[in-house]
Amino acid sequence: RPRERLAKFGAKALLDEELLAIMLRTGSHGKNVLMLARQLLDSFGSLPQLMNAGVEELKSYGGIGQVKAIELAAMLELSRRVMLGDVNKRTVFTEPEHVAARVNLIKALSQTESFFVFPLDKRCRLCTQQPIEISSGTLDSSLVHPREVFREAIRYSAALVILAHNHPSGDSRPSRKDVELTKELVEAGRQLCIPILDHVVVGDPEVSPPGYFSMNREKIIAF
């Protein structure tokens, strides 16, 4: 049993499904807790993808009620915050690769498009625990307004800002709307003396190598 194995060999010796089974505690009629844990992992594909699951999505699996779904969602979010906090201690966002890696860490294989602001200090380190998600859904200037972007930058006394958003299609090439919105935000940053260093569009490396597009690196906008 997972609990006995953990007590005897330590948590590191357990498989993902065994650790998840301990958190779930019980299974359901005709399905023991290990079977339920395997079903969750098989459905989501991996633990990082499971971290994006909401309470209602978790409840759709037999054997997971309201209380268990809330406890599991809280545990997964706490785990992600610990992981992101540890990464923040050593990450300097000087390259688009660093930005893309962080967005992928947050979004995994999410099917929603989200826009992030990276408020940075003068050493290009995050001023926050993690990038700030400004909007979720189709990227639109009505959803990503300069006041929303720079409100967060000012709130955390950011010296610099990097923008990023993901394309669930996997194609990291920016659209015309992406470019137009970026120009508007870059100009707003100049007026506020909070320069934008880059806008990184994150996709799938198998669809659009290397998996991201840096507007600064590709010189399509004068930052």
Side-chain angles (χ1 to χ4, degrees), residues 48 52 80 84 87-88 90-223:
N52 287 319
R80 178 164 61 176
L84 290 174
V87 171
N88 283 345
R90 59 180 182 271
T91 301
V92 177
F93 293 93
T94 55
E95 303 294 338
E97 292 89 340
H98 305 153
V99 177
R102 177 54 61 89
V103 172
N104 281 325
L105 185 61
I106 296 170
K107 296 296 290 185
L109 298 180
S110 173
Q111 295 303 305
T112 60
E113 184 172 323
S114 295
F115 188 94
F116 296 94
V117 173
F118 286 64
L120 307 175
D121 62 20
K122 292 182 179 179
R123 301 170 114 188
C124 292
R125 297 181 186 273
L126 272 173
C127 300
T128 53
Q129 283 296 306
Q130 58 181 306
I132 299 167
E133 186 172 354
I134 298 296
S135 72
S136 181
T138 303
L139 186 59
D140 189 284
S141 59
S142 64
L143 297 176
V144 183
H145 191 276
R147 66 171 171 266
E148 304 299 329
V149 171
F150 290 100
R151 175 187 296 145
E152 300 300 333
I154 294 170
R155 177 184 177 189
Y156 292 102
S157 302
L160 311 160
V161 166
I162 290 178
L163 310 174
H165 77 280
N166 65 305
H167 280 176
S169 67
D171 186 351
S172 59
R173 291 174 299 178
S175 66
R176 185 180 65 172
K177 184 179 293 186
D178 294 340
V179 175
E180 291 174 351
L181 176 59
T182 304
K183 288 179 179 178
E184 180 183 356
L185 294 173
V186 167
E187 181 56 35
R190 289 195 182 106
Q191 294 178 15
L192 292 169
C193 296
I194 304 176
I196 292 177
L197 300 182
D198 200 354
H199 185 171
V200 180
V201 185
V202 181
D204 185 337
E206 294 186 3
V207 176
S208 182
Y212 61 86
F213 186 101
S214 165
M215 294 192 192
N216 189 336
R217 183 175 288 178
E218 299 300 328
K219 307 298 183 185
I220 66 172
I221 290 179
F223 284 89

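Separation of atoms OG1 (Thr128) and CD (Glu152) is listed at 9.0 Å; rounding is to 0.5 Å. We find the CG-CG distance between Asn104 and Asp204 to be 8.5 Å, quoted to the nearest 0.5 Å. Here the CD1-NE2 distance, from Ile162 to His98, works out to 10.0 Å after rounding to the nearest 0.5 Å. Atoms OG1 and CZ, on Thr94 and Arg125 in that order, are 10.0 Å from each other to the nearest 0.5 Å.
With sequence neighbours left out, the side-chain contact (heavy atoms from CB on, under 4.5 Å) criterion links Ile220 to Pro174, Val179, Phe213, Met215, Glu218. Partners of Ala158 by side-chain contact (heavy atoms from CB on, under 4.5 Å), not counting sequence neighbours, listed by chain and number: Pro119, Cys127, Ala153. Qualifying side-chain contact (heavy atoms from CB on, under 4.5 Å) partners for Ala159, counting only residues two or more places apart in sequence or in other chains: Lys122. For Glu180, the side-chain hydrogen bond (donor to acceptor under 3.5 Å, both in side chains) test picks out no residue, with sequence neighbours left out. Partners of Asp171 under the side-chain hydrogen bond (donor to acceptor under 3.5 Å, both in side chains) rule, at least two apart in sequence or in another chain, are Arg173. Arg123 meets the side-chain hydrogen bond (donor to acceptor under 3.5 Å, both in side chains) test with no other residue; sequence neighbours excluded. For Arg217, the side-chain contact (heavy atoms from CB on, under 4.5 Å) partners two or more places apart in sequence, or in a different chain, are Glu95, Pro96, Glu97, Tyr212, Ser214.
Among all heavy-atom pairs drawn from Ser172 and Gly203, the shortest one is CB-N, 3.8 Å. Taking all atoms of both residues into account, the shortest heavy-atom contact from Asn166 to Thr112 is ND2-O, 3.0 Å. The shortest non-hydrogen separation linking Leu185 to Ile196 is O-CD1, 3.3 Å.
Residues Leu197 and Phe223 form no side-chain contact, since every pair of their non-hydrogen atoms from C-beta on lies 4.5 Å or further apart. Contact check for Arg155 versus Ile132: no side-chain heavy atoms found under the 4.5 Å cut-off. A heavy-atom distance below 4.5 Å is not found between the side chains of Ser169 and Val207. Side-chain contact between Ser136 and Ser114: present, with at least one pair of heavy atoms (C-beta onward) separated by less than 4.5 Å. Considering only heavy atoms from C-beta on, Val200 stays 4.5 Å or farther from Phe118 through its side chain. Using a 4.5 Å heavy-atom threshold, the side chains of Phe116 and Ile106 count as touching. A heavy-atom distance below 4.5 Å is found between the side chains of Leu120 and Leu126.
A distance-only check finds a donor-acceptor pair linking the side chain of His145 to the backbone of Arg147 [under 3.5 Å].
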For this session: Carefully, step by step, assess Ile221 and Asn216 under the rule side-chain contact (heavy atoms from CB on, under 4.5 Å).
Result: CA-CA 6 Å; Ile221 290 179; Asn216 189 336; over 6 Å; no

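Taking the six-membered ring for Trp and thresholds of 30 and 60 degrees, His165 and Phe115 have nearly parallel ring planes, at less than 30 degrees apart.
Pairs passing the salt bridge (charged side-chain N to carboxylate O under 4.0 Å, His left out) check and including a residue from residues 190-199, sequence neighbours excluded, read Glu187-Arg190.
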